[in-house]
Amino acid sequence: MSKPTPISGFPEWTPGQRMVEQYVLDKIRATFELYGFAPLETRAVEPLDQLLRKGETSKEVYVIRRLHADADSAGDDQLGLHFDLTVPFARYVLENAGKLAFPFRRYQIQKVWRGERPQEGRYREFVQADIDIVDRDTLAPHHEAEMPLVIGDALRSLPIPPVTIQVNNRKICEGFYRGIGLTDPEAALRAVDKLDKIGPAKVAELLAQTAGASEAQAKACLALAEISAPDASFADAVRALGVTDPLLDEGIDELVRVVETATEHSPGLCVADLRIARGLDYYTGTVYETQLRGYERFGSICSGGRYDNLASAGTTSYPGVGISIGVTRLLGLLFGAGELSVSRSVPTAVLVAVTDEEHRGASNRVAEALRRRGVPTEVSPSAAKFGKQIRYAERRGIPYVWFPGADGAADEVKDIRSGEQVTAAAGEWMPPREDLTPTVS
RNA sequence: GUGGCUGUAGCUCAGUUGGCAGAGCACCGGGUUGUGGUCCCGGUUGUCGUGGGUUCAAUUCCCAUCAGUCACCCCA
């Protein structure tokens with residue numbers, strides 16, 4: 001009866017926006033494949049206990065319920081929609097380890113669902129573009145250095161502002177916290193993670209409250225978190241704090257490698273930023289976050305890290321490293337900022353005018369000839385006055401209108417942006433390359 | 001999940017101390033009897049987010065709800 005309304009957190013784009021999204025997804029996919037990641041899609045649902053196996057019950061997971069299920073059959077076989085692509089992937093690796101060759105590199109571009117309260121750039125249904133590399137038992141640390149390079153290439157292939165990938169290493173934080181005698185590194189991480197938002201004074205308070213830090217310990221944590229450098233010099237800054245711990249040294253070495261690799265292959269892409277924590281409990285090594293330059297207020301649009309304990313079967317473990325682009329978030333924020341749009345609202349490059357309904361066949365034949373040569377073409381819906389047919393094209397941003405010649409006269413095609421009109425043959429004419437498909441910018 | 005702000009035409013917004021709902025842009029028609037865009041004339045925009053309550057009367061006041069947005073939580 002009444003007009004349908006949107007469902008909170010489930011965005012639906014316009015056709016123009018969807019064309020942008022498809023363009024973006026194509027570019028990302030091409031880059032992932034260029035680096036040799038194999039495609040994979042996993043089912044939308046996982047057993048609920050798998051999704052929640054980290055123990056946290058506060059996870060906002062959508063649960064699947066069958067309308068006609070027996071009321072008393074809700075057992076432990078309940079299903080939930082996946083909230084990321086890493087957990088299903090870990091499950092998939094365990095399930096199919098026998099068929100996979102390790103190290104296994106795969107990409108996965110799919111929708112995920114989270115039941116959080118939506119706001120701009122935060123949705124309940126959204127697309128992630130994820131890459132991971134997993135190996136059996138041990139995963140060489142150079143893979144942690146490769147991730148930012150792939151993402152850097154993928155994001156640079158898009159008409160979006162340049163990005164900065166901030167990297168840190170959990171071992172640095174945990175080793176450092178251990179080195180200064182803090183007993184609850186998780187709590188310390190969570191507190192430090194809020195540094196940008198609440199400032200050093202409040203973080204120090206939090207550290208004291210939740211991590212049992214003394215004033216000196218809190219001060220040391222903040223000193224560590226404030227270290228940021230575009231190169232390996234961060235290591236000197238850490239060492240200058242005078243804390244020693246074997247895990248800390250290991251972390252520094254790993255992070256140096258990530259930063260130096262990035263500097264060599266993609267200068268300016270990465271910055272070691274020791275405040276980056278990621279709330280995630282399962283990260284054990286390098287962690288990544290990504291900001292759009294000039295749009296830091298958007299927060300991270302791509303993040304991930306190394307995990308050593310996400311998948312194991314018996315005595316075999318499958319350590320991995322992965323990073324995920326929040327495609328919907330990226331698009332939503334840039335659409336909102338008016339920073340990303342497309343040159344027309346339809347794929348059509350040419351509208352073939354219809355002289356009168358008796359001659360619609362002639363227009364159809366022109367369209368056919370153009371399409372056969374790869375020119376997206378539609379035929380005018382009505383034989384209205386040519387002015388109206390031109391306006392039909394104009395309203396949609398279609399750049400060309402084709403006029404079939406009457407009584408054996410030559411056909412003509414008009415660029416309605418410039419008004420220029422030339423004679424043309426449907427078997428030969430091609431629009432300039434830049435007009436063939438809509439331009440995303 | 002908690003709290004704040006917002007919701008009027010396709011878009012940006014005005015408005016009524018409670019009395020039939022407005023502007024600009026866009027759109028449609030005509031000037032322009034088959035080539036748009038400029039210009040001129042005219043026209044329609046609409047359950048005033050939805051449902052309920054108070055009232056002779058609600059777009060306006062009250063409650064609920066939905067949606068958007070912000071902060072918190074969370075960000076796997």
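In what follows, chains are A, B, ... by sequence order, proteins preceding strands, each numbered from 1. Atoms considered below: every heavy atom in the structure, side chains included; atoms not considered: hydrogens, waters and symmetry mates. Nothing here was measured: the structure is a model prediction, and the numbers come from that model.
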**Study point:** B/rC28 phosphate, OP1 or OP2, under 4.0 Å from A/Arg395 side-chain N/O
**Key:** yes
What's the [atom1]-[atom2] distance between [X] and [N], to the nearest Å?
| X | N | atom1 | atom2 | value |
| --- | --- | --- | --- | --- |
| A/Glu116 | B/rA71 | CD | P | 14 Å |
| A/Leu333 | B/rC75 | CG | P | 19 Å |
| A/Arg297 | B/rA71 | CZ | C1' | 16 Å |
| A/Leu206 | B/rC72 | CG | P | 13 Å |
| A/Ile198 | B/rC72 | CD1 | C1' | 12 Å |

Practice item. Name all residues meeting the side chain to side chain donor-acceptor pair (under 3.5 Å) criterion together with A/Glu250; count only those two or more places apart in sequence or in a different chain, and write none if there are none. Key: A/Lys171
Hey, can you pull the donor-acceptor pairs under 3.5 Å for the side chains in residues 333-343 of chain A, sequence neighbours left out?
| from | atom 1 | to | atom 2 | distance (Å) |
| --- | --- | --- | --- | --- |
| A/Glu339 | OE2 | A/Tyr295 | OH | 3.1 |
| A/Ser343 | OG | A/Thr439 | N | 2.7 |

**Study point:** A/Arg156 and A/Ser266 side chains, donor-acceptor separation under 3.5 Å
**Key:** yes
Practice item. Report yes or no: do A/Arg117 and A/Gln119 form a side-chain donor-acceptor pair below 3.5 Å? Key: no
Check your understanding: Which of these, A/Leu370, A/Ile398, A/Val379, sits in a side chain to side chain contact (heavy atoms under 4.5 Å, CB included) with A/Val350?
Key -> A/Leu370
Give me the atom names and distance for the closest heavy-atom approach of [X] to [Y].
| X | Y | result |
| --- | --- | --- |
| A/Thr183 | A/Pro185 | O-CD, 3.2 Å |
| A/Ile165 | A/Pro148 | CD1-O, 3.6 Å |
| A/Ile323 | A/Ile151 | CG2-CG1, 3.5 Å |
| A/Val93 | A/Leu100 | CA-CD1, 4.1 Å |

Can you tell me, in whole Å, how much space there is between the [atom1] of [N] and that of [M]?
| N | M | atom1 | result |
| --- | --- | --- | --- |
| B/rG15 | B/rG7 | C1' | 15 Å |
| B/rC48 | B/rU59 | P | 7 Å |
| B/rG49 | B/rU6 | C1' | 11 Å |
| B/rG18 | B/rA58 | C1' | 6 Å |
| B/rG37 | B/rC20 | C1' | 39 Å |
| B/rC61 | B/rG3 | C1' | 24 Å |
| B/rG10 | B/rU16 | C1' | 25 Å |
| B/rC25 | B/rA14 | C1' | 14 Å |

**Study point:** Partner set under ring pair (Phe, Tyr, Trp, His ring centres under 6.0 Å) for A/Phe386, not counting sequence neighbours
**Key:** A/Phe403
Check your understanding: What residues form a ring pair (Phe, Tyr, Trp, His ring centres under 6.0 Å) with A/Trp429, not counting sequence neighbours?
Key -> A/Tyr400, A/Trp402
Pull out every protein N or O sitting under 3.5 Å from an N or O of nucleotides 40-45 of chain B, one pair per line with the distance.
none

Practice item. For A/Lys197, report the nucleic acid contact type (base, sugar-phosphate, nothing); a contact means any heavy atom under 4.0 Å. Key: base
Exercise for review: Can you run down the ring pair (Phe, Tyr, Trp, His ring centres under 6.0 Å) pairs that involve residues 119-171 of chain A, sequence neighbours left out, and say none if there aren't any?
Suggested key: none
Exercise for review: Map every base of RNA chain B to its dot-bracket character, where paired means a Watson-Crick or G-U wobble contact with both distances under 3.5 Å and | marks a partner outside the strand.
Suggested key: (((((((..((((.....[..))))((((((.......))))).)...(((((..]....))))))))))))....
Below 3.5 Å is the cut-off: list the nitrogen or oxygen pairs between protein and nucleotides 63-69 of chain B, distance only.
| from | atom 1 | to | atom 2 | distance (Å) |
| --- | --- | --- | --- | --- |
| B/rA67 | OP1 | A/Ser8 | N | 3.1 |
| B/rG68 | OP1 | A/Gly9 | N | 3.4 |
| B/rG68 | OP2 | A/Ser8 | OG | 2.4 |

**Study point:** Per-nucleotide protein contact string for nucleotides 29-39 of chain B, where B marks a base within reach and S marks sugar-phosphate only (heavy atoms under 4.0 Å, - for neither)
**Key:** S---SBBBB--
Residues in salt bridge (charged side-chain N to carboxylate O under 4.0 Å, His left out) with [X], at least two apart?
| X | answer |
| --- | --- |
| A/Asp415 | A/Arg417 |
| A/Lys111 | A/Glu125 |
| A/Arg105 | A/Glu146 |

